[in-house]
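One structure below.
These numbers were taken from a predicted model, which means no experiment stands behind them. Heads up: numbering here begins at 1 and tracks the sequence. As the structure lists them, so they are numbered: ligands from 1, and atoms in each ligand from 1.
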Amino acid sequence: MIPYARQDITEEDKKAVRDVLESDWLTQGPMVEKFEKSVVDYTGGLFATAVNSATSALHISCLALGVKTGDYVWTSPNTFVSSANCAIYCGAKLDFVDIDSRTFNMSINHLEKKLIDAKKSNKLPKVVIPVHFGGLPCDMSRIHELSKEYKFKIIEDASHAIGSSYMSNKKINIKIGSCAHSDVTVFSFHPVKIITTGEGGMAVTNNRDIDTKIKLFRTHGITRDQASMSKKSDGPWFYQQIDLGFNYRMNDMQAALGYQQMKRLNSYIKKRNDIANYYSKELRDLPINTPLNPKGIISSFHLYVITLYDNFSKKDHLEIFKKLRAKGIGVNLHYIPVHTHPYYMQMGFKKGDFIEAEKYYEKAISLPMFPNLIQDDQDNVIKTLKEYLQ
Ligand SMILES: *Cc1c(COP(=O)(O)O)cnc(C)c1O
């Protein structure tokens, strides 16, 4: 089976992990700091906190921004469940903003409309979590402008988008993770993502206070900083728990792997873009939409998603999907609209609430996309698609 995604692990990566195993530190230590610094250097964000998953990073980012019971948090329905769950962990009320039918990202028009309505009913969100779907950056300049007008905070779920960048409305190139238009940016290092640490995530921010809180929540709410303590230290062993945090730490073995992978990030992005361009060129005559690749934007191409034309039925979609799998092509579907999961339905969401995300779900197919996808395999995917769709 040609998978839809696959990690790339080199001999050097293995050596780096082995070196940690032979060192004094296994848990969070010098490699975690080194990995955090490499992401800071790459993205241009100021502070980074490595954790054990993007889900954890989303959770403690929400907490650091003060999300609590009764607050509203909005995200896209076309995402992995974590982008929504993180708000529920904090006791907040979660709502969705429907997607744009062409970018599959949160629609700015829908967002603006929903904000106008929410203002009237006094239910404005505390935090909005845009998701850079497949690596294609959301219109962050616009979301940032709206955040000023409607006073909400922004967490970018950039689980797909380390290495992506976009042009601001002032024509400046902005890297995802620089937090130019957000309070926090979150990355995932799950093996299917752009770079991996086995499991892992990171929260990047330009705000020192937010960073301090995120780091506090990463380790039980414990501080060793005298300035944050309620009394003078009892001695060199002393620490205080000043809030309720978690053990969300990344370990040094994971960080060593992540640090190695960061060195290859640019080459990964280049390879993914080459693969995407080749797909788009070869598939252009088929009755499908290929992903947008707008000028001024670099997508990490975490995913390469085609959508069948409108004349294909739900049944056609299923048939094509099954045929591709039967041919050893590990196509996948990103994502089941989050609001249609039973957990969210029992909260009151129902089919028809976010039409664009639901329509998309009946047409989308994620094709194999990873840096080591070999030409023969990609040609095989293309040939098979042509057979079934032409
Ligand atoms: C993968 C993913 C997550 C969760 O990442 P983990 O590191 O597995 O917790 C969250 N949001 C999106 C959009 C993702 O794709």
Side-chain angles (χ1 to χ4, degrees), residues 3-7 32 35-36 39 48-63 73-90 94 96-97 99 103-106 127-138 140 154-164 176-177 182 184-204 214 217-218 246-251 254-255 257-258 261 272 291 299-305 332-339 341 343-344 357 360-361 364 366 369-370:
Y4 90 86
R6 189 176 159 72
Q7 69 275 17
V32 167
F35 179 37
E36 288 169 346
V39 173
T49 307
V51 289
N52 59 359
S53 72
T55 305
S56 303
L58 287 164
H59 178 198
I60 58 180
S61 298
C62 282
L63 288 176
V73 173
W74 296 357
T75 190
S76 166
N78 183 35
T79 185
F80 186 60
V81 293
S82 306
S83 323
N85 290 347
C86 60
I88 315 274
Y89 297 155
C90 306
L94 193 278
F96 301 95
V97 180
I99 60 169
T103 64
F104 316 133
N105 279 333
M106 178 183 283
V127 172
V128 173
I129 307 179
V131 181
H132 306 303
F133 178 75
L136 183 72
C138 297
M140 291 310 300
I154 302 170
I155 300 172
E156 293 172 72
D157 184 343
S159 292
H160 300 180
I162 194 163
S164 295
I176 297 294
S182 66
V184 184
T185 301
V186 167
F187 296 121
S188 171
F189 309 125
H190 181 281
V192 299
K193 308 291 163 75
I194 309 290
I195 65 162
T196 190
T197 59
E199 295 274 5
M202 201 176 284
V204 183
I214 290 173
F217 288 125
R218 168 172 65 180
F246 309 87
N247 178 354
Y248 279 172
R249 289 186 304 266
M250 175 180 280
N251 66 51
Q254 295 170 307
L257 181 56
Q261 299 252 319
R272 286 175 175 277
S299 170
S300 64
F301 272 106
H302 164 56
L303 299 173
Y304 187 92
V305 178
N332 218 317
L333 211 168
H334 305 90
Y335 286 98
I336 302 161
V338 178
H339 68 282
H341 284 294
Y343 179 79
Y344 283 93
Y360 161 86
Y361 174 62
S366 302
M369 166 57 89
F370 50 94

(message) For residues 78-88, which residue pairs pass the side chain to side chain donor-acceptor pair (under 3.5 Å) check, not counting sequence neighbours?
(response) T55-S82, T79-S83, S83-D157, N85-Y344

(message) Below the 3.5 angstrom mark, is there an N/O of A54, backbone or side chain, next to an N/O of ligand 1?
(response) yes

(message) Among all the protein's non-hydrogen atoms, which is closest to atom 14 (C) of ligand 1, and how far away is it?
(response) K193 NZ, 3.1 Å

(message) Using a 4.0 Å heavy-atom cut-off, which part of T55 comes near ligand 1: side chain, backbone, both, or neither?
(response) both

(message) Out of all atoms in ligand 1, which are within 4.0 Å of some heavy atom of S188? Include the element for each.
(response) 1 (C), 5 (O), 6 (P), 7 (O)

(request) State which residues pass salt bridge (Lys or Arg N to Asp or Glu O under 4.0 Å) with E199; sequence neighbours excluded, sorted by chain then number. (result) none

(request) Compute the shortest N/O to N/O distance between T79 and ligand 1 and return yes if it is under 3.5 Å, no if not. (result) no

(request) If the plane angle is over 60° it's perpendicular, under 30° parallel, otherwise tilted; pick one for F133 and F104. (result) perpendicular

(request) For G200, counting its heavy atoms only, list the atoms of ligand 1 lying under 4.0 Å from any of them. (result) 7 (O)

(message) With heavy-atom distances below 4.5 Å as the criterion, would you say the side chains of Y89 and L58 are in contact?
(response) no

(message) Heavy-atom distances under 4.0 Å decide this one: backbone, side chain, both or neither, for S82 against ligand 1?
(response) side chain

(request) Evaluate the ring planes of Y335 and F80, with Trp represented by its six-membered ring, and classify them as parallel (under 30°), tilted (30 to 60°) or perpendicular (over 60°). (result) tilted

(message) Side chains of T196 and Q7 only: does a donor on one sit below 3.5 Å from an acceptor on the other?
(response) no

(request) Report yes if H190 has an N/O atom closer than 3.5 Å to an N/O atom of ligand 1; otherwise report no. (result) no

(request) Could you grab the distance from atom CE of M250 to atom OG of S53, nearest 0.5 Å is fine? (result) 9.0 Å

(request) Report yes if the side chains of V192 and Y4 come closer than 4.5 Å at any heavy-atom pair, otherwise no. (result) yes

(request) Report yes if the distance between the aromatic ring centroids of F35 and F189 is under 6.0 Å, otherwise no. (result) yes

(request) Look at atom 15 (O) of ligand 1 and say which protein heavy atom is nearest, naming residue and atom and giving the distance to 0.1 Å. (result) H160 NE2, 2.7 Å

(request) Write out the residue and atom name of the closest protein heavy atom to atom 11 (N) of ligand 1, then the distance separating them to 0.1 Å. (result) D157 OD2, 2.7 Å

(request) For V131, take its heavy atoms, then give the atoms of ligand 1 lying under 4.0 Å from any of them. (result) 13 (C)

(message) Could you tell me, atom by atom, which parts of ligand 1 come under 4.0 Å of a heavy atom of S83?
(response) 11 (N)

(request) Return the residue, atom name and 0.1 Å-rounded distance of the protein heavy atom closest to atom 10 (C) of ligand 1. (result) S159 OG, 3.4 Å

(request) Please state which part of S53 comes within less than 4.0 Å of ligand 1, counting heavy atoms only: side chain, backbone, both or neither. (result) both

(request) Indicate, as side chain, backbone, both or neither, the part of Y335 found under 4.0 angstrom from ligand 1 when only non-hydrogen atoms are considered. (result) side chain

(message) How close do I99 and P77 get, counting heavy atoms only, and between which atoms?
(response) CG2-CD, 4.2 Å

(request) Please could you name the atoms of ligand 1 that F80 approaches to less than 4.0 Å, counting only its heavy atoms? (result) 3 (C), 4 (C), 12 (C), 14 (C)

(request) Count the heavy atoms of every other residue, nucleotide or ligand shown that sit under 6.0 Å from CD1 of I88, and state whether that count exceeds 12. (result) yes

(message) Please check whether E199 reaches ligand 1 - meaning an N/O of the residue sits under 3.5 Å from an N/O of the ligand, judged on distance alone.
(response) no

